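Reading through the C-alpha cells given below for one structure.
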Amino acid sequence: MDFAPTEEQQMIRDIVRDFAESVAAPTATERDREQRPPVTEFKDFAALGFAGMTIPEAYGGQKLDDISEAIVVEELSRVDPSLGVMVAVHVGLCSMTIVLHGNDAQKEKYLPRLASGDMLGAYSLSEAGSGTDAAAMSARATDDGDCYVLNGEKMWVTNGSCADVFVLFAKVVGHPDYGKKKHGGVTAFIVEKGFEGFAIGKKEEKLGIRSSDTTALLLDNCRVPKENVLGEVGKGFAIAMNALDNSRIGIAAQALGIAQGAYEAALKYALERETFGKPIAQHQTIGNYLADMATRTEAARLLVYRAAWAKQQHYEQGAPRHTLEASMAKLTAGDTAMWVADHAVQVLGGYGYTTDFPVERFFRDAKITQIYEGTQEIQRVVIARALTH
Ligand code: CAA
C-alpha cells in the first residue's frame, strides 16, 4: 500500500490547479450568476489533452490512470465545480461508456472528436417520472428499417444545451424482455444533436452549479441509425448502471474538490480575520471547525482515490466490480462537501453569506453532489445490496 502520489499524478495536479486558477477562476462568479456554461474554458482545457483522459491513444486520447482522472475533476472543482462536472460527464458518462461498449466503427467515429474536445459529450438516463427508479423510464424506440425511432422526453441532462453527442437510453418496443422485466428493452443509443426529431428542451434554473447547464431533451420521432445502438439491443440497463459505477467516482471527486476549496477559503479567512485581539483561527471553536473540515476532507479523499484504484483494478486486472467502492466514495464525499461548505460559510459569518467570497457558491454547489448520479439514499441501497448479495 502506498499513499504517495506518483510523479505524474503530482504533475497533473499542478497543471490542472494552475489552469483552474488562471483560466476558470476569473470567469466563475460571473458564469454562475448568468448561468453561462464554461464552453470556451472547456475548449482551452481540452487543448491541454484532458478531454481525452479516458480514451486510449489509438483513438486520439491520452488515457490517464484512474486516480489521475479523479485528481483532474477534484482540482477543477476546487475552483469551479460547474466546469468539474462538465468534464466529469464528458470523460466519464459519455466517452468512457463508448470506450467500454462501442464497436470499432463507433469508436473510430466518435472518440477522436471527443478526445480533442471538438465534440462535447453528455449522458441521458433520467426522465420526469424516472430519476431514482431509472428502469421506469418511458422513452420508447421502435424499429423502422435502418433506424430506431425514438419518442419521449428526457430530463436532468448535464451539458444538455452545449453537448454534441449523447449516450441516451430508451426502451425498444417489441424486444423479448419488453414489458416482462421492469428494465426490459432498455437500450443505449449514441444520439447526435443534429439528428432529425431531436431538440433541446427546458433549461433548469438552479440553486447551484449554475454554470453547468441542465436541460430536458425532446425526442419527437427522432431517427437514430441502427449503427448507433451502443452495445446490444435490450442490454442498455446494465450499460447505464456500469456507466454510473464509473462516473459516481467523478461526482465524488467533484464533491472532494468542493470540500477542499471551501476549507481553504475558510482557513485563509480565519487566519486573517481578527476578533477579540487575535485571528479567529486561534479561537478554539473555529480551530475545531477547521480541524474537522480538514479531517473529513482527507477521509473523503482516501475513499475517492480507493474507488478510483478499485475501478482500475476491475478493468485492467479483472478484479470484481467497483460498484461498492464508487457508492461509498460518492456517499461520503457528497456529505463531506455539504458539511464542509456549511461550516465554511459559518466561519466567514456574514461575509460567507455574500457573493464577495466563494464559500456561498461552494455551499450552493455542494448540495447537488448529494442528489445527482444517484441520491445519497440510493447509494445506501447500492451499498447494502453489494454487502448482502
Ligand atoms: N453494473 C452492471 N449491471 C448492473 C449494475 C451494475 N452496477 N447494477 C444492476 N445491474 C443489472 C442487474 O444485474 C440486473 O440485470 P439482469 O436483468 O440481467 O438481472 C439489472 O441491471 C437490473 O438491476 P436491479 O434489479 O438491481 O435494478 P433496479 O431497478 O432495482 O435499480 C438501482 C437499481 C440501483 C436503484 C438503479 O435504478 C439506480 O442506480 N438508480 C439511480 C439512477 C441514477 O443514479 N441516476 C442518475 C442519472 S445521471 C445524472 O445524475 C445526471 C448527470 O448528467 C450528472
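All residue numbers refer to positions in the sequence shown, counting from 1. Since we're looking at a predicted model, the values are computed, not measured.
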Answer yes or no: are there more than 12 heavy-atom neighbours, outside [X] itself, under 6.0 Å from its atom [atom1]?
| X | atom1 | value |
| --- | --- | --- |
| Gln312 | CD | yes |
| Glu274 | CD | yes |
| Lys226 | NZ | yes |
| Glu196 | CD | no |

**Request:** Report yes or no: does Lys171 contribute a side-chain atom to a donor-acceptor pair with the main-chain N or O of Ala136 at less than 3.5 Å?
**Result:**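 Flag not set: sc Lys171 to bb Ala136 has no pair under 3.5 Å.
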**Item:** Main-chain N/O of Trp309 paired to Asp66 side chain as donor or acceptor, under 3.5 Å
**Value:**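 No, because the side chain of Asp66 does not come within donor-acceptor range (under 3.5 Å) of the backbone of Trp309.
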[X]: side-chain contact (heavy atoms from CB on, under 4.5 Å) partners, not counting sequence neighbours:
| X | answer |
| --- | --- |
| Pro176 | none |
| Glu377 | Thr375 |
| Lys182 | Asp133, Ala135 |
| Pro358 | Ala265, Arg361, Phe362 |

Members other than [X] in its cluster, when Ile, Leu, Val, Met, Phe, Trp, Tyr link by side-chain heavy atoms under 4.5 Å?
| X | result |
| --- | --- |
| Leu387 | Leu324, Met328, Leu331, Ile383 |
| Leu267 | Tyr263, Tyr269, Leu271, Ile280, Ile286, Tyr289, Leu290, Met293, Met338, Trp339, Val340, Val345, Val347, Leu348, Tyr351, Phe357, Val359, Phe363 |
| Leu100 | Met96, Tyr315 |
| Trp156 | Met155 |

**All side chain to side chain donor-acceptor pair (under 3.5 Å) counterparts of Arg113, not counting sequence neighbours** =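 Scan of Arg113 (side chain to side chain donor-acceptor pair (under 3.5 Å), adjacent residues dropped) gives none.
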**Message:** Under the rule for side chain to side chain donor-acceptor pair (under 3.5 Å), what residues qualify as partners of Glu264, not counting sequence neighbours?
**Reply:**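 Partners of Glu264 under the side chain to side chain donor-acceptor pair (under 3.5 Å) test: Arg78, Gln260.
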Check this for me: does any side-chain nitrogen of one of [X] and [Y] sit under 4.0 Å from a carboxylate oxygen of the other?
| X | Y | answer |
| --- | --- | --- |
| Arg210 | Glu34 | no |
| Glu192 | Lys109 | yes |
| Arg17 | Glu75 | yes |
| Asp245 | Lys311 | no |

**Request:** List the steps and the verdict of side chain to side chain contact (heavy atoms under 4.5 Å, CB included) for Gln9 and Asp65.
**Result:** CA-CA 9 Å; Gln9 287 164 348; Asp65 71 274; 3.0 Å; yes
**Message:** Set out, in order, the CA-CA distance, both residues' side-chain angles and the distance that settles salt bridge (Lys or Arg N to Asp or Glu O under 4.0 Å) for Lys202 and Glu204, then state yes or no.
**Reply:** CA-CA 6 Å; Lys202 179 182 168 230; Glu204 301 300 335; 3.1 Å; yes
**Message:** Give me each pair satisfying side-chain hydrogen bond (donor to acceptor under 3.5 Å, both in side chains) with a member in residues 53-64, each pair once, sequence neighbours excluded.
**Reply:**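 For residues 53-64: none.
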**Request:** Might you work through the side chain to side chain contact (heavy atoms under 4.5 Å, CB included) test for Val85 and Asn159, ending with a clear yes or no?
**Result:** CA-CA 9 Å; Val85 72; Asn159 300 342; 5.9 Å; no
**Message:** With side chain to side chain contact (heavy atoms under 4.5 Å, CB included) as the criterion, how do Ile251 and Tyr372 come out once you've worked through the C-alpha distance, each side chain's angles and the decisive distance to 0.1 Å?
**Reply:** CA-CA 8 Å; Ile251 298 306; Tyr372 64 9; 3.5 Å; yes
**Message:** Walk me through whether Arg36 and Glu30 qualify under salt bridge (Lys or Arg N to Asp or Glu O under 4.0 Å).
**Reply:** CA-CA 8 Å; Arg36 181 161 49 82; Glu30 193 179 294; 3.0 Å; yes
**Message:** Minimum heavy-atom separation for Phe169 and Gly236, please, with both atom names.
**Reply:**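 Taking Phe169 first and Gly236 second, the nearest heavy atoms are CE2-O, 3.3 Å.
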Which atom pairs, donor and acceptor, lie under 3.5 Å between side-chain atoms of residues 144-151 and protein residues at least two apart or in another chain?
from   : atom 1 : to     : atom 2 : distance (Å)
Asp144 : OD2    : Arg223 : NH1    : 2.9
Asp144 : OD2    : Arg223 : NH2    : 3.2
Asn151 : OD1    : Asn221 : N      : 2.7
Asn151 : ND2    : Asn221 : OD1    : 3.0

